[in-house]
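Note that the numbering runs from 1 along the sequence shown for the chain.
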Amino acid sequence: MRIFLRPVLALAGIAIFFIPSARLMGGQIRGEVRSVDRAGSRAVVLDEETGREVAVDLSRVATRLRGAKGVRWDDLRPGVKVLIDEGVVANRLEVRDGAPRPRGPILREFWNNFRQNLFKPLLLFFYLGFLVPILRVEFEFPYAVYQGLTIYLLLAIGWHGGEELAREVLRDPKTIGGMVGFMLTGFVVNSAIGVAAYGLLGVMTPMRRIDRATVAGYYGSDSAGTFATCVGVLGTIGMVFDAYMPVMLAVMEIPGCLVALYLVARLRSRGMDALGNMPGEPGHDAKAAPVATIAAGHGRAASPRDRAVEQELELSLEKREHPEPEEIPAPGGSTTFSGKLLHEVFLNTGLYLLFGGIAIGLISGLQGEKVTRDDDHFFVTLFQGMLCLFLLEMGMTASRKMKDLKAAGWGFIVFGLLAPNLFATFGICVAHLYSHLTHTAFAPGTYILFAVLCGAASYIAVPAVQRLAIPEASPTLPLAASLGLTFSYNVTIGIPVYIEIANLIRERFPIG
């Protein structure tokens with residue numbers, strides 16, 4: 001008898017332990033969501049009946065959420081009370097007690113959202129780095145480490161995006177058309193943003209037109225660092241996004257380069273001198289000598305401009321320990337739309353690594369999870385920690401770049417803070433309109449990432465193009481606005497603001 005009693009008791013204990021999970025196969029679960037993972041495939045719900053936390057498979061629930069009336073992706077967040085019928089089968093999922101997030105005044109909503117993100121490790125590391133130049137701490141972030149972190153982040157974003165893209169393609173190949181359409185829309189939107197930035201700068205600042213065109217190119221592109229930070233923030237709050245957004249990052253980085261080249265080509269055709277001054281601007285001299293190139297490795301003392309270009313080389317991952325003479329761009333700006341320049345636009349270091357990571361992740365993901373499991377430990381699990389170190393360095397760089405704004409004027413400073421809000425809001429409206437016209441349901445994080453892609457400014461791709469094709473432009477002003485103002489604003493205040501704007505637009509103009 002004892003021989004049979006022990007197995008029976010063991011099975012009874014296992015059954016008691018797994019009763020909450022067994023209920024997922026039938027019946028109902030009423031309770032409060034405790035956590036949602038980044039991919040949105042699992043959630044932990046505190047069951048009211050048993051008082052125990054239940055792991056819920058949301059893979060099918062999430063699919064229904066895309067088209068469920070009155071239920072949004074971000075309804076599944078900590079604190080929301082839900083009713084789930086038949087668990088994994090998910091015949092019904094509804095939010096109990098009315099609206100999932102009772103909304104008060106928008107300022108209070110923003111403050112609550114901002115306060116929740118204020119002390120996240122990501123931002124704390126950024127603040128730590130930002131204070132280094134201010135407090136005059138004798139600390140220098142090694143360039144090799146920055147280069148390694150940037151390479152890792154670009155490859156990790158691409159890897160995970162390609163992996164998720166493979167899952168999406170395997171699940172429903174018909175979604176490819178919608179992805180391509182949205183990518184083309186993003187390309188057009190960032191092109192329009194670059195032109196709009198050029199016009200705004202003409203109204204708000206007395207800058208030379210060559211500098212306005214260059215800054216416009218920065219804002220018509222996007223920022224891999226801001227995108228990575230936004231991915232990290234969305235991961236901490238459990239807000240999901242569509243798998244193809246890393247591809248959007250690569251696609252939307254190109255328009256700014258093309259806009260800057262087009263605007264500068266027009267200026268050159270209208271009489272710009274070799275120093276970048278247009279007729280009627282102070283200092284215009286049709287006989288002026290071309291701007292000197294960087295002196296690194298050429299035996300003469302580096303000027304402030306040379307040091308600024310050196311910083312551009314570092315940020316764009318193109319600094320070499322032993323540069324060859326042909327790697328230094330020739331003066332005069334005669335390379336506009338040359339083969340070498342177009343190669344830099346479409347195959348610069350950042351884009352190459354990002355596209356390469358996407359391709360590798362996609363090909364590997366199509367072969368199954370067994371192929372990608374080991375690499376996920378490096379490219380996915382370590383992502384948040386690597387991002388913290390990256391933001392430590394970016395905080396130092398942003399703080400130093402703010403010193404370059406002293407000579408820019410208040411109009412330029414206002415532009416650097418106003419532009420991300422205008423362009424990000426425009427991006428959210430375009431994404432919502434696209435969703436309405438094409439009947440494409442976006443995950444809530446997609447709106448935020450698209451807003452960041454529209455509201456951020458480049459510091460990798462466009463500086464490389466500027467150094468090669470627009471040596472007449474100031475190398476300090478664009479990076480001062482891009483890193484000192486816009487990047488700092490986006491990673492601290494901007495992302496919570498965009499979350500609230502997206503929620504407000506989606507609630508006021510719901511899509512049936």
Side-chain angles (χ1 to χ4, degrees), residues 38 110-157 222-237 239 307 310-312 314-317 319 350 378-406 413 416-417 420 448 452 455-460 463 476 479-499:
R38 193 189 67 81
F110 161 71
W111 171 245
N112 291 335
N113 200 338
F114 175 69
R115 185 178 58 186
Q116 291 174 4
N117 291 281
L118 187 62
F119 299 109
K120 290 288 194 300
L122 293 176
L123 288 187
L124 291 177
F125 274 92
F126 181 80
Y127 302 147
L128 182 66
F130 197 87
L131 289 174
V132 167
I134 295 175
L135 300 178
R136 299 181 180 179
V137 179
E138 295 297 327
F139 172 65
E140 185 71 28
F141 205 91
Y143 171 68
V145 177
Y146 161 78
Q147 191 177 39
L149 288 172
T150 306
I151 292 171
Y152 169 84
L153 290 177
L154 289 169
L155 288 175
I157 291 172
D222 53 38
S223 165
T226 311
F227 184 90
T229 305
C230 189
V231 168
V233 171
L234 296 180
T236 61
I237 64 177
M239 185 175 286
R307 288 191 292 269
E310 184 82 8
Q311 291 178 350
E312 284 187 357
E314 292 180 354
L315 289 169
S316 60
L317 303 179
K319 182 180 178 180
F378 180 73
F379 287 115
V380 179
T381 307
L382 296 180
F383 182 82
Q384 290 281 353
M386 294 289 194
L387 183 58
C388 287
L389 293 178
F390 174 78
L391 285 175
L392 171 66
E393 198 282 335
M394 292 304 291
M396 297 168 56
T397 302
S399 182
R400 293 191 182 102
K401 286 298 176 185
M402 293 190 75
K403 299 178 182 179
D404 296 331
L405 294 169
K406 294 180 180 179
I413 295 174
L417 297 174
I448 315 306
V452 164
S458 174
Y459 63 86
I460 293 180
T476 57
L479 287 176
S482 172
L483 291 175
L485 291 175
T486 299
F487 181 86
S488 302
Y489 174 83
N490 276 329
V491 300
T492 55
I493 301 175
I495 294 173
V497 169
Y498 307 152
I499 292 174

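- Within the 4.5 Å cutoff, the side chain of Phe378 has no heavy atoms near those of the Leu155 side chain.
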Hey, mind stepping through Phe487 and Leu391 against side-chain contact (heavy atoms from CB on, under 4.5 Å) and telling me if it holds?
CA-CA 11 Å; Phe487 181 86; Leu391 285 175; 3.9 Å; yes
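- Of the inter-residue distances, the one linking Phe379 atom CZ with Leu153 atom CG reads 11.0 Å to the nearest 0.5 angstrom.
- In this structure, the ring of Phe125 has its center no less than 6.0 angstrom from the ring center of Phe390.
- When atom types are taken as modelled, the side chain of Tyr459 and the backbone of Gly225 share a donor-acceptor pair closer than 3.5 angstrom.
- Here the shortest heavy-atom pairing between Met396 and Gly129 reads CG-O, 3.1 Å.
- Scanning all heavy atoms of the two residues, the minimum distance from Pro420 to Asn490 falls at CB-OD1, 3.7 Å.
- The salt bridge (charged side-chain N to carboxylate O under 4.0 Å, His left out) search around Glu140 returns Arg400, not counting sequence neighbours.
- No side-chain donor-acceptor contact under 3.5 Å links Tyr146 to the backbone of Met394.
- Classified by interplanar angle (parallel below 30°, tilted 30° to 60°, perpendicular above 60°), the ring pair Phe139/Phe141 is perpendicular.
- Nearest approach of Pro463 to Ser458, heavy atoms of both residues: CD-OG, 4.0 Å.
- Heavy-atom minimum distance, Ala480 versus Lys401: CB-O, 3.6 Å.
- Using a distance-only test at 3.5 Å, with no hydrogens or angles considered, no donor-acceptor pair links the side chain of Thr486 to the main chain of Ala456.
- A donor-acceptor pair under 3.5 Å links the side-chain atoms of Ser488 to the main chain of Leu483, judged by distance alone.
- Counting only distance, with no hydrogens or angles, the side chain of Tyr127 and the backbone of Gly395 share no donor-acceptor pair below 3.5 Å.
- Side-chain atoms of Thr397 come within 3.5 Å of backbone N or O of Glu393 as a donor-acceptor pair.
- At a threshold of 4.5 Å between non-hydrogen side-chain atoms, the residues Thr150 and Ile460 count as touching.
- One distance of note links CG of Leu154 with CG of Leu149; it measures 11.0 Å at 0.5 Å rounding.
- Separation of atoms NZ (Lys403) and CD1 (Ile134) is listed at 9.0 Å; rounding is to 0.5 Å.
- Closest approach of Leu122 and Cys388 over heavy atoms only: CD2-SG, 3.8 Å.
- Once rounded to the nearest 0.5 Å, the distance linking CD1 of Ile157 with CZ of Phe227 reads 6.0 Å.
- For the atom pair CG (Leu124) and CG (Leu392), the distance works out to 11.5 Å, reported to the nearest 0.5 Å.
- The backbone N or O of Val233 sits less than 3.5 Å from a side-chain atom of Thr236, completing a donor-acceptor pair.
- Contact detail for Tyr152 and Val380: the closest heavy-atom pair is OH-N, 4.5 Å.
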Assess the residue pair Leu405 and Leu485 against the criterion (side-chain contact (heavy atoms from CB on, under 4.5 Å)); give the C-alpha distance rounded to whole Å, side-chain angles, the decisive distance to 0.1 Å, and a yes or no.
CA-CA 9 Å; Leu405 294 169; Leu485 291 175; 3.5 Å; yes
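- Distance check: Ile495 CD1 to Ile448 CD1 gives 9.0 Å after rounding to the nearest 0.5 Å.
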